[in-house]
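Ligands are counted one by one from 1 in listed order, and the atoms in each one are counted from 1 as well. Throughout, residue positions are numbered sequentially from 1 according to the sequence presented.
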Amino acid sequence: MPKLAPSLLEADYCFLYDQLKIMEKAGADYVHIDVMDGAFVPNLALGMKEIQSIRPVTELVFDVHMMVNEPIRYVRQMKEAGADIITVHLEACEDPQETILAIKETGVKAGIVLKPDTKLSELSEAIISMVDVVQLMTVQPGLAGQKFIPESLNRIKELRDRIDRENPGCEIEVDGNIGVHNVQDVVAAGATVIVSGKALFDGDLGKNISEMKRLIESI
Ligand code: ZN
C-alpha cells in the first residue's frame with residue numbers, strides 16, 4: 001500500500017505538537033522533513049536541533065530529505081537527531097555511493113533524490129541496487145508554491161521499470177505539489193511514497209490526510 005508523508009515545510013510551527021498528533025491519528029505513515037542549506041537550494045529550513053526536539057513526541061517515521069551540499073558531513077548527526085530514513089541528492093554528492101554507504105552504516109534507510117532536470121540515465125544501476133528509496137522531485141527543490149511538472153509522470157513510469165528490474169523492493173517517492181488533483185496519477189505511474197505539503201496543511205489536516213489516503217488506496 002502506498003505511504004503518505006506529510007511535509008513539515010507547510011506545517012504551522014506554533015502548533016507542531018498538535019499537528020503531529022493529528023497526522024498519527026489520521027493515518028500518515030511518515031513525517032517528511034526537508035532540510036535546506038541555502039546553497040544547494042535557495043532557502044533555509046530545519047536542522048538537527050529541531051528534528052531532535054520533536055523526536056520524543058511521535059512514533060512516526062522521520063523521512064529526512066537533505067537538500068544540502070555534501071550531506072555526508074551531517075549523516076551521523078541526523079541519525080542521532082532521530083532520522084529513520086535519510087535521502088540525499090545525486091547532484092549534491094561528490095561521491096553518492098560513499099554517501100549512501102555512510103548512511104547505511106548508521107543503520108538508517110538510505111535514499112537518493114533527483115531534481116526534475118537530472119536524467120534518470122545519470123542514476124547508475126549500482127546506486128539503485130544500494131538504496132531503499134529513489135525519490136523524484138516533481139517541482140524544482142527549495143521553493144514553495146510551484147506547479148507539478150507534468151513530465152514527471154513519464155519519469156515515474158520509467159523509474160518504475162528500472163526499479164522492477166534492478167531492485168524490486170525499493171520505494172519510489174515523489175515530492176512536489178502533490179494533492180487530490182494528481183495523487184492518483186502518480187500512484188498509477190508507480191510511486192509508493194507520496195510527499196504532500198500544502199494540500200494537507202491548508203484547511204483541516206486530519207480530514208485532508210484521510211481523503212488523500214482514501215484516494216491512494218482506491219488505485
Ligand atoms: Zn522533500
Side-chain angles (χ1 to χ4, degrees), residues 2-13 16 19-20 23 28-48 50-51 54 58 60-71 74-75 78-79 81-93 96 99-100 103 108-118 123 131-149 152 155-156 159 170-179 182-183 186-187 191-202 205 208-209 212 216:
K3 300 178 179 77
L4 184 61
S7 168
L8 287 194
L9 208 53
E10 299 289 343
D12 183 339
Y13 283 82
L16 197 50
Q19 293 186 327
L20 287 165
M23 283 182 218
D29 301 279
Y30 296 172
V31 183
H32 185 81
I33 303 172
D34 290 304
V35 177
M36 303 183 186
D37 68 353
F40 179 68
V41 287
N43 217 333
L44 290 166
L46 295 176
M48 278 72 82
E50 290 78 18
I51 294 169
I54 56 170
T58 178
L60 287 165
V61 169
F62 278 12
D63 175 30
V64 177
H65 173 193
M66 298 195 69
M67 290 179 254
V68 172
N69 282 325
E70 290 306 333
Y74 304 109
V75 163
M78 274 299 168
K79 145 81 182 174
D84 297 297
I85 304 166
I86 298 176
T87 62
V88 296
H89 273 264
L90 184 68
E91 308 88 357
C93 302
T99 310
I100 290 158
I103 297 169
V108 307
K109 291 186 174 175
I112 194 83
V113 193
L114 269 64
K115 288 186 185 180
D117 301 336
T118 304
L123 188 60
V131 292
D132 300 289
V133 52
V134 176
Q135 184 181 330
L136 295 179
M137 294 298 307
T138 51
V139 300
Q140 294 295 341
L143 293 170
Q146 299 179 74
K147 288 232 158 38
F148 179 86
I149 299 168
S152 302
R155 278 164 67 80
I156 299 165
L159 179 62
C170 181
E171 305 268 17
I172 297 179
E173 182 165 8
V174 287
D175 185 3
N177 191 233
I178 293 166
N182 58 3
V183 70
V186 298
V187 172
T192 58
V193 180
I194 313 302
V195 178
S196 184
K198 209 169 168 41
L200 300 180
F201 287 91
D202 264 3
L205 177 62
N208 292 341
I209 290 173
M212 197 83 99
I216 289 171

Quick one: name the protein N/O/S atoms under 2.8 Å from the Zn ion (ligand 1), chain by chain.
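Listed by chain and number, the nearby protein N, O or S atoms are H32 NE2, D34 OD1, H65 ND1, D175 OD2.
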What residues, two or more places apart in sequence or in another chain, satisfy ring pair (Phe, Tyr, Trp, His ring centres under 6.0 Å) together with F40?
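Once residues adjacent in sequence are excluded, the partners of F40 under the ring pair (Phe, Tyr, Trp, His ring centres under 6.0 Å) criterion are H89.
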Between G179 and N182, which heavy-atom pair has the shortest distance, and what is it?
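Heavy atoms only, the tightest pair is N-OD1, 2.8 Å.
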Just jot down the side chain to side chain donor-acceptor pair (under 3.5 Å) partners of K3, sequence neighbours excluded, or say none.
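K3 satisfies side chain to side chain donor-acceptor pair (under 3.5 Å) with E171 once adjacent residues are dropped.
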Is atom OH of Y30 surrounded by more than 12 heavy atoms (other residues, nucleotides or ligands) closer than 6.0 Å?
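Above 12, so yes.
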Salt bridge (Lys or Arg N to Asp or Glu O under 4.0 Å): which pairs involve residues 191-202, sequence neighbours left out?
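Counting only pairs at least two positions apart or across chains, the salt bridge (Lys or Arg N to Asp or Glu O under 4.0 Å) contacts touching residues 191-202 are K198-D202.
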Just by distance, with hydrogens left out, do Q146 and N177 show a side-chain donor and acceptor under 3.5 Å apart?
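No.
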